[in-house]
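One structure below.
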Amino acid sequence: MLLRPTPLIRAPYQIGRPHTVPAVRLQKTSLAFQYARRHVNGFGGPLPNQVEPQSDDVEETSRAERNISRPQWSATLFKMFESAATTSASLLILGLAGYAYHKYYKYLILKKMAKAFEPGDPVLELAALGKGLANNILQGDEQHWIRYTEQTKIDAIMNGTDRGHYHLLIGEKGTGKSSMLLHAMQKVDGEGISMLEAHADLEIFRIRLGKALDYEFHEDYIGSLFSIKGPRDGNTALLDIERALNKLEKLALIRRKTVGKPLVLIINSTHLLRDDDDGRDLLELIQQRAEQWAASNLVTVILNSDDYWVYERLKRYSTRMEVLPVLDLPRDQAISALKQFRKRYYKEEEQPSSDLLEEVYSRLGGRLTFLNRVAKSPDMLRTCEEICQVEKTWFLNNCWILGDGCDDDVMDQQKYASAAMVLAKALVDQEHESGVSNDKPYLLPQIPLHKAREIMTRADFIKSYDHINIFTIDAQAMVRADSVPMQRAFRQICSEPGFEKHLEATLNRISAIESLGRTREVVAKDLIAGKYKISGRLDRGEAITLEVCPTGKAGG
């Protein structure tokens with residue numbers, strides 16, 4: 001079959017101009033085209049009565065088919081590349097944004113923490129609201145009546161002159177330790193100083209530390225929204241405190257380059273920490289930081305405590321610690337302070353008589369909190385009696401003894417109470433032996449700590465007495481009454497008729513109960529008449545045996 005030329009076909013997009021299309025391209029559906037395709041693929045021979053197409057036509061046809069399938073693969077590869085590029089760009093932008101936010105968040109933490117050490121402090125603002133409270137130190141330009149020898153030392157610590165150490169203020173409750181700290185803070189307007197109150201619960205301590213340092217412990221970190229666990233999951237309070245101190249150290253390094261003096265961190269009421277594993281771990285963590293910061297002049301840590309156990313704990317590993325004992329005011333300063341107190345509250349033109357002031361001092365001593373209460377009262381002597389009665393009642397409610405009729409169920413409490421009474425009697429006896437002179441600062445009778453434990457025959461009770469403000473232990477390990485009113489309470493109780501016999505009966509009853517607890521009773525039942533011999537000792541691992549003795553021999 002001969003191929004005939006096809007007529008001219010006009011393309012629809014070319015008007016007025018003829019275009020000739022080869023016959024082979026127009027006859028793709030013809031038998032010859034099918035035969036050529038099968039022949040190229042290797043299937044069968046030529047069809048009958050058909051002319052085999054030329055090799056040039058077959059090659060052109062195969063090339064046309066390859067050109068048809070190639071654009072499909074190209075489009076797929078382009079879409080895959082486009083998707084991968086889009087995903088990579090999104091991840092890159094997200095990663096850069098996260099990294100930039102992380103760096104900004106770290107910068108923001110240090111910036112917020114730096115504001116906590118700028119001039120002005122919330123503690124000073126709260127103290128300014130209590131101008132009528134005891135031990136207030138914010139009196140404007142008025143010269144304050146509190147003048148301790150330690151005040152100059154504390155001022156030097158606050159303004160950065162005294163550095164290279166960390167400090168422990170130890171003294172009884174109400175002696176003015178916090179007042180001196182606030183007074184020194186006021187002089188520098190709290191610049192470079194932060195203060196917080198300690199607490200027995202570590203979680204509350206963590207929150208108070210964060211408030212003092214303006215640190216959120218990463219709880220405001222937006223990246224936590226993309227995590228499965230919350231910001232506090234798996235973190236203990238001690239770990240968060242360590243993180244806060246790390247940030248404080250970074251801030252101190254930055255400030256040393258610009259300001260040139262160390263920061264000051266005050267932890268007030270450190271004695272409120274429990275004397276257990278958690279409290280000791282926290283105290284050890286603070287001491288490690290304080291030692292390191294004192295050596296590098298970064299941060300000066302001040303610990304304020306009423307109890308001796310804090311000093312006893314810190315003493316073990318202290319290298320750069322300085323102890324500042326804060327005691328009652330001596331006689332002259334106490335009387336002068338009482339006069340100024342009286343003038344401030346009552347505007348008296350005539351000062352109280354010297355005899356009256358001497359009597360107040362002999363009853364209350366130089367404790368600031370007691371002097372403030374007396375100065376506010378119209379009848380100072382009556383207020384003195386009320387204070388002494390409150391102290392006596394507190395001591396009796398905690399440590400009164402029950403005599404020889406106490407039940408064995410209260411033996412542990414009576415051991416605690418009788419030990420306190422024995423120590424109180426020892427202090428009263430020492431007072432009678434030594435005497436007191438009003439020409440010198442009022443000194444209460446005191447006993448060394450090891451002797452006090454020997455007198456009580458117990459070594460563990462004395463810390464509890466110190467904690468409830470019955471006895472106190474100073475930095476020199478001397479034991480005495482917590483205050484002058486408490487010593488007067490000891491004196492009154494021990495001078496009551498029959499007190500020594502009552503105390504002796506209580507001690508004998510405690511010994512009898514303990515003896516009964518150590519005694520083992522053996523009961524033999526259904527014995528016949530005669531004599532028996534009991535042998536064997538349990539403490540040696542021998543069994544107890546009972547034998548009938550021969551006639552005429554004694555049993556035992």
Side-chain angles (χ1 to χ4, degrees), residues 170-175 306-309 311-312 323 325-335 358-371 384-385 387-396 398-401 416-459 461-496 499-500 502-504 507:
I170 184 171
E172 296 83 2
K173 181 183 68 175
T175 53
D306 295 351
D307 294 350
Y308 176 77
W309 79 268
Y311 167 76
E312 194 174 42
V323 181
V326 182
L327 306 177
D328 291 346
L329 287 176
R331 174 177 173 275
D332 295 337
Q333 293 186 16
I335 293 177
E358 291 284 352
E359 181 66 21
V360 171
Y361 176 76
S362 64
R363 296 186 182 187
L364 301 181
R367 188 65 52 87
L368 299 183
T369 181
F370 294 155
L371 295 178
C384 291
E385 291 298 328
I387 293 174
C388 294
Q389 184 63 33
V390 169
E391 295 295 309
K392 180 180 178 181
T393 303
W394 174 253
F395 176 62
L396 293 177
N398 285 275
C399 301
W400 182 239
I401 50 180
Y416 179 83
S418 61
M421 287 294 176
V422 170
L423 183 57
K425 185 176 182 302
L427 290 174
V428 174
D429 293 341
Q430 184 176 357
E431 184 180 31
H432 291 325
E433 295 176 0
S434 61
V436 177
S437 176
N438 290 330
D439 297 333
K440 298 181 180 180
Y442 195 95
L443 296 178
L444 295 175
Q446 53 189 6
I447 300 174
L449 178 59
H450 67 281
K451 286 293 184 180
R453 287 172 172 168
E454 180 182 349
I455 292 172
M456 296 187 299
T457 67
R458 294 295 296 260
F461 288 159
I462 189 64
K463 293 182 181 179
S464 178
Y465 299 148
D466 188 15
H467 188 68
I468 62 176
N469 301 319
I470 293 179
F471 300 97
T472 187
I473 311 172
D474 60 13
Q476 286 74 35
M478 301 297 292
V479 180
R480 59 177 178 271
D482 183 76
S483 60
V484 174
M486 186 62 70
Q487 179 66 25
R488 289 174 59 88
F490 294 165
R491 193 182 305 118
Q492 293 176 3
I493 294 172
C494 293
S495 62
E496 291 179 358
F499 171 77
E500 293 187 3
H502 187 66
L503 177 60
E504 186 67 24
L507 297 176

To the nearest 0.5 Å, how far apart are CG in D429 and CD in E433? 6.5 Å
side-chain contact (heavy atoms from CB on, under 4.5 Å), that's the test. Do D482 and I470 meet it? Break it down for me. CA-CA 5 Å; D482 183 76; I470 293 179; 5.8 Å; no
List in chain and number order the residues that pass ring-ring contact (aromatic ring centres under 6.0 Å, His included) with F461, two or more places apart in sequence or in another chain; answer none if no residue qualifies. Y416
Between OG on residue S483 and CG on residue N469, distance to nearest 0.5 Å: 8.5 Å
Can you tell if the side chain of E391 reaches within under 4.5 Å of the side chain of F490, non-hydrogen atoms only? no
Is Q492 atom CD crowded by more than 12 heavy atoms from other residues, nucleotides or ligands, each under 6.0 Å away? yes
Could you tell me whether the side chain of L364 reaches within less than 4.5 Å of the side chain of V484, counting heavy atoms only? no
For T175 and R367, what are the C-alpha separation, side-chain angles and deciding distance, and is it a side-chain contact (heavy atoms from CB on, under 4.5 Å)? CA-CA 6 Å; T175 53; R367 188 65 52 87; 3.6 Å; yes
Quick check: are there more than 12 heavy atoms from other residues, nucleotides or ligands sitting under 6.0 Å from CH2 of W394? no
Smallest separation among heavy atoms of P325 and V323, with atom names: CD-O, 3.4 Å
How long is the gap from OG on S495 to CD on E500, to the nearest 0.5 Å? 10.5 Å
Over all heavy atoms of both residues, which pair between R488 and C388 is shortest? Give the atoms and the distance, please. NE-SG, 3.6 Å
Going through the checks in order, is the side-chain contact (heavy atoms from CB on, under 4.5 Å) test met by Q446 and Q476? CA-CA 11 Å; Q446 53 189 6; Q476 286 74 35; over 6 Å; no
Any non-hydrogen side-chain atom of E496 less than 4.5 Å from a side-chain atom of H502? no
For a quick test of reading the model, state the closest non-hydrogen atom pair linking Q487 to P445 and the distance between them. NE2-CG, 3.7 Å
Heavy atoms of F395 and A420 approach each other most closely as CE1-CB, 4.3 Å
Measure the spacing between CD1 of I462 and CD1 of I455 and express it to the nearest 0.5 Å. 10.0 Å
Looking only at heavy atoms, the pair that brings I387 and P485 closest together is CG2-CG, 4.2 Å
Separation of D466 CG from K463 NZ (nearest 0.5 Å): 10.0 Å
Quick one: does Y311's side chain get under 4.5 Å of I473's, heavy atoms only? no
Salt-bridge present (R480, D474; N to O < 4.0 Å): yes
dist D307:CG -> I170:CD1 (nearest 0.5 Å) comes out at 8.0 Å
Any chance the rings of F471 and Y308 have centres within less than 6.0 Å? no
On a heavy-atom basis, the closest approach of A452 and L423 is CB-CD1, 3.9 Å
If you count the non-hydrogen atoms of other residues, nucleotides and ligands that lie under 6.0 Å from NZ in K173, is the total more than 12? no
Applying side chain to side chain contact (heavy atoms under 4.5 Å, CB included), name anything that partners C494, two or more places apart in sequence or on another chain. K425, V428, F499
How about NE2 on H467, more than 12 heavy atoms from neighbouring residues, nucleotides or ligands closer than 6.0 Å, or not? no
